[in-house]
Every structure is written in C-alpha cells, then in structure tokens.
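What follows is a set of notes on a single structure, which appears directly below.
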Amino acid sequence: MKAVGYKKSLPIEDAQSLFDFEASKPEPKGRDIRVAVKAISANPVDYKVRKRAAPPEGETKILGYDAAGIVDAVGSDVTLFKPGDEVFYAGSILRQGTNAEFHLVDERIVGNKPKSLSFAQTAALPLTSITAWELLFDRLGAVPGKSVDPRTLLITGGAGGVGSILTQLARRLTGLTVVATATRPESQKWCLDLGAHAVIDHSKPMKEQIEKLKVPPVGLVASLTFTDQHYKSIADFMAPQGKFGLIDDPPEFTMSAFKGKAISVHWESMFTRSSFQTPDMIAQHHLLNDVADLLDKGVLRTTLDQTFGTINAANLKRAHALLESGKSRGKIVLEGW
C-alpha cells in the first residue's frame with residue numbers, strides 16, 4: 001500500500017522530513033477494523049510528533065490521525081462495524097497513522113460517517129470534535145441544553161481547528177455566551193460565522209475588551225493556543241471559582257495564578273482514552289456518532305477550509321508548513337491517492 005512517513009525528526013523544508021514509500025497492508029485482529037482511507041486532515045499534533053518523536057533506527061513512522069474511509073476488513077472480536085461501512089475517526093497516538101491507503105483502528109474510537117458530508121468534509125472533523133466535546137462537557141462541565149447559562153465561555157484561538165468546532169458546540173448545544181479570540185479580520189469573521197456572540201483580539205489586552213462587551217462573567221475558558229502568553233492575564237479577569245481548560249503544551253505555566261480565585265485547571269487530551277484503554281473508551285464511538293447526527297441535522301457544519309490535493313509527501317509538507325506558521329484557519333484536508 002502507499003504511505004507517507006519519516007525516519008528522522010527533521011525541519012519540514014528537508015527533503016526527507018516526509019517521504020512517499022510502500023508499506024505492507026496491515027491485518028486486523030481482535031477489535032481492530034481495517035479502513036481504506038479516502039481522506040485525511042492535518043493537525044498540529046502531526047508536526048509536533050514529527051519534530052519530537054523519531055522512530056527507532058531503521059523503522060519508518062506513519063503520521064496522521066484524522067481519517068474518513070470505508071471499512072475493508074474486521075478483526076474477530078468486532079461487533080460495531082462490517083466491511084463496506086463508511087466511518088470517521090482520529091486514531092491512536094501509539095500506533096501507525098492514517099497517512100496510508102489502509103489503516104488499523106480500534107472500533108471503540110470510530111464513528112459512522114455523516115451521511116450528508118463528503119469524505120473530505122468529514123475528515124476535517126474527528127480529532128477536533130472529540131477534543132472540543134471532551135473539553136467542553138467532560139473537563140469544563142458545561143451543561144448540554146439550551147437553558148440560559150449565566151456565564152461566558154472564552155475560547156482563545158477560536159479560528160483554529162478545535163476552536164472552530166468548539167464555538168459551534170457551545171453556541172448550538174449550551175446556553176453559554178461564547179466569546180472567541182482571533183487577530184486577523186478574516187479569522188474574526190470566521191469565528192462570528194461559526195456562532196461566536198463576539199470576538200476579541202488576543203494580541204491586545206483582553207480584560208478591557210471583555211469589559212467593553214458587557215457579557216456575563218467569564219466562568220469558563222478554553223485555552224487552545226499560546227497558553228503561556230495569556231493565562232496570567234486571563235486569571236486576572238476570570239470569575240472566581242471558574243474553570244480553565246487547556247490543550248496545548250505551554251513552555252511556562254504556573255497553577256498558582258489561579259489559586260486566589262479557586263479556579264480549577266483541566267487538561268484535555270483526546271488520546272487519553274485510547275492510549276490507556278480506559279473503561280469508557282467507547283465514549284468516543286458514541287461521541288462521534290452524536291457529532292455525525294448533529295452534522296446531518298444541520299446543527300453543526302464542517303470546519304474544512306482548504307484542500308491540498310491527494311495524499312502524498314509533497315502535499316503533506318505544505319500542510320505541515322502552514323500549521324507550523326500558526327496562520328491556518330479551520331482544517332486542511334487531503335483526499336485520494
């Protein structure tokens with residue numbers, strides 16, 4: 001099968017940072033299904049792993065987590081899917097990735113593909129949907145249902161992949177007031193189009209901008225990017241006893257900034273359930289099916305922004321470079337071989 005991989009952690013400009021190669025088609029066992037991959041999307045975790053985690057000497061690592069495709073074969077213990085089913089999922093960080101024609105994945109973290117979306121539109125969604133859903137409902141404890149919630153949710157980096165779906169989930173499924181942050185005019189418009197009540201510029205002091213909006217107290221924060229640059233100023237204007245959630249890897253972060261207001265801090269990693277085979281691992285299967293249903297009903301929309309052509313090393317390098325620049329909006333998808 002065709003695949004894209006790397007042997008050493010190299011700058012994306014290097015010819016060998018990602019390369020095309022032929023790999024053996026994997027065989028499913030146990031609860032694994034084998035998926036014929038039709039489309040994938042690129043995420044910041046792809047380049048972070050490429051830069052930090054070189055495979056053992058002589059081995060080639062295949063990156064990629066998001067995928068949409070068709071079940072091709074199933075393991076002996078599979079009960080949720082059969083060959084021919086159309087699926088979407090975000091894979092496991094401990095296994096070979098989705099930048100390959102065929103991919104093995106545990107059925108418990110796979111959902112049925114939305115019927116109303118193409119494979120490309122669907123591939124934009126799994127990793128960010130799981131992250132946003134778990135962050136909003138499991139970590140920050142937001143309550144689904146449209147009853148009025150007298151708090152504001154602040155989403156820093158609202159135009160990114162996770163922010164793009166989190167904004168929709170919070171606006172469509174909760175009674176929270178949703179304020180996103182973005183710096184460029186096109187990114188600010190993107191956030192508003194996705195349902196944010198208001199947008200502020202995180203390159204300028206945020207406290208004054210929040211006060212001018214006259215929104216309810218900022219009781220929940222989803223810090224999606226550059227947490228180290230913003231968390232102290234956010235702690236200054238957050239409501240006492242609020243909840244601060246983050247998904248990035250801040251080089252500097254001091255919990256004591258939140259102590260005086262008894263603000264709790266919550267980490268979200270959508271790979272936790274699959275990495276540790278948690279008893280509730282199948283929650284991601286149910287979550288993705290719920291997201292697919294919301295997409296088919298028109299409650300949510302895809303966050304696909306750009307397609308970069310077929311799945312190969314040259315196009316994936318372009319995607320990694322754009323993600324590393326920090327200037328991407330929504331999701332980048334590659335489709336077909």
Side-chain angles (χ1 to χ4, degrees), residues 1-6 12-13 17-20 35-50 62-70 86-91 97-103 105 110-132 157-168 182 184 186-187 189-191 193-194 288 291-292 294-296 298 300-337:
M1 66 175 183
K2 294 178 181 177
V4 180
Y6 72 104
I12 198 60
E13 299 80 16
S17 61
L18 292 170
F19 56 84
D20 298 304
V35 177
V37 176
K38 300 300 181 185
I40 58 106
S41 80
N43 292 282
V45 66
D46 296 57
Y47 76 75
K48 290 176 182 177
V49 171
R50 192 199 83 243
I62 301 171
L63 287 171
Y65 303 99
D66 276 334
I70 301 172
E86 296 184 347
V87 296
F88 74 136
Y89 59 93
T98 58
N99 297 344
E101 280 189 281
F102 295 92
H103 181 248
V105 61
V110 178
N112 292 289
K113 172 186 164 291
K115 295 179 177 63
S116 59
L117 269 58
S118 67
F119 285 109
Q121 291 170 322
T122 300
L125 292 160
L127 186 146
T128 53
S129 295
I130 295 169
T131 301
V162 175
S164 294
I165 195 72
L166 179 57
T167 298
Q168 295 183 69
R184 294 174 295 152
E186 60 268 31
S187 297
K189 182 180 184 302
W190 174 268
C191 292
D193 288 347
L194 289 172
L288 287 170
V291 168
L294 291 166
L295 288 157
D296 284 338
L300 303 176
R301 69 175 174 86
T302 183
T303 54
L304 167 62
D305 184 53
Q306 298 183 72
T307 51
F308 272 22
T310 56
I311 306 166
N312 59 42
N315 289 335
L316 276 165
K317 285 180 184 179
R318 289 171 55 216
H320 279 230
L322 180 55
L323 288 170
E324 288 184 48
S325 76
K327 294 180 180 177
S328 63
R329 183 183 66 184
K331 294 301 298 290
I332 305 162
V333 169
L334 288 76
E335 182 177 22
W337 296 91

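The figures that follow rest on heavy atoms only: side chains count, while hydrogens, waters and symmetry mates do not.
At least one donor-acceptor pair closer than 3.5 Å links the side chain of Trp337 to the backbone N or O of Val37. In this structure, Thr98 contributes its side chain and Tyr65 its backbone to a donor-acceptor pair below 3.5 Å. The backbone N or O of Leu127 sits less than 3.5 Å from a side-chain atom of Thr131, completing a donor-acceptor pair.
Arg301 is listed as a side-chain neighbour of Leu194, based on a closest heavy-atom distance under 4.5 Å. In this structure, Leu322 and Gln306 have side chains that are in contact, with non-hydrogen atoms separated by less than 4.5 Å.
Test Val110, Ile130, Asp66 against Tyr89 for side chain to side chain contact (heavy atoms under 4.5 Å, CB included) and you get one pass: Val110.
In terms of heavy atoms, Leu334 sits closest to Thr310 at CD2-O, 3.4 Å. Nearest heavy-atom pair, Asn43 versus Lys331, reported as atom, atom and distance to 0.1 Å: OD1-NZ, 3.0 Å. Across all non-hydrogen atoms, the minimal contact from Thr128 to Gly161 is CG2-C, 3.4 Å. Heavy-atom minimum distance, Ser129 versus Ile165: OG-CG1, 3.7 Å. When all heavy atoms are compared, the tightest approach of Arg318 to Phe308 is NH1-O, 3.5 Å. Of all heavy-atom pairs spanning Ala90 and Pro126, the tightest one is N-CB, 3.8 Å.
Salt-bridge formation is not detected for the pair Asp296/Lys115: no Lys NZ or Arg NE/NH1/NH2 atom is positioned less than 4.0 Å from an Asp or Glu carboxylate oxygen.
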> Checking side-chain contact (heavy atoms from CB on, under 4.5 Å) for the pair Phe88/Leu117: CA distance, chi angles, key distance, verdict?
Replying inline: CA-CA 11 Å; Phe88 74 136; Leu117 269 58; over 6 Å; no
>> Working note: Thr303 + Leu125, criterion side-chain contact (heavy atoms from CB on, under 4.5 Å); need CA distance, chi angles, decisive distance, verdict.
In response: CA-CA 7 Å; Thr303 54; Leu125 292 160; 3.9 Å; yes
> Is there a side-chain contact (heavy atoms from CB on, under 4.5 Å) between Val105 and Val87 once you walk through the steps?
Replying inline: CA-CA 11 Å; Val105 61; Val87 296; over 6 Å; no
> Are Tyr47 and Ile12 close enough, and set up right, to give a side-chain contact (heavy atoms from CB on, under 4.5 Å), and what steps lead you there?
Replying inline: CA-CA 9 Å; Tyr47 76 75; Ile12 198 60; over 6 Å; no
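The CD atom of Glu324 sits 12.5 Å away from atom NZ of Lys317, with the distance rounded to the nearest 0.5 Å. Expressed to the nearest 0.5 Å, how far CG of Asp20 lies from NZ of Lys2 amounts to 8.5 Å. Expressed to the nearest 0.5 Å, how far CD of Gln168 lies from CG of Leu294 amounts to 10.0 Å. The CG atom of Asp193 sits 10.5 Å away from the OG atom of Ser164 when rounded to the nearest 0.5 Å. How far NZ of Lys48 is from CG of Leu63: 13.5 Å, rounded to the nearest 0.5 Å. For the atom pair CG of Leu18 and CG of Asn315, the computed distance is 11.5 Å after rounding to the nearest 0.5 Å.
The aromatic ring centroids of His320 and Tyr6 lie 6.0 Å or more from each other.
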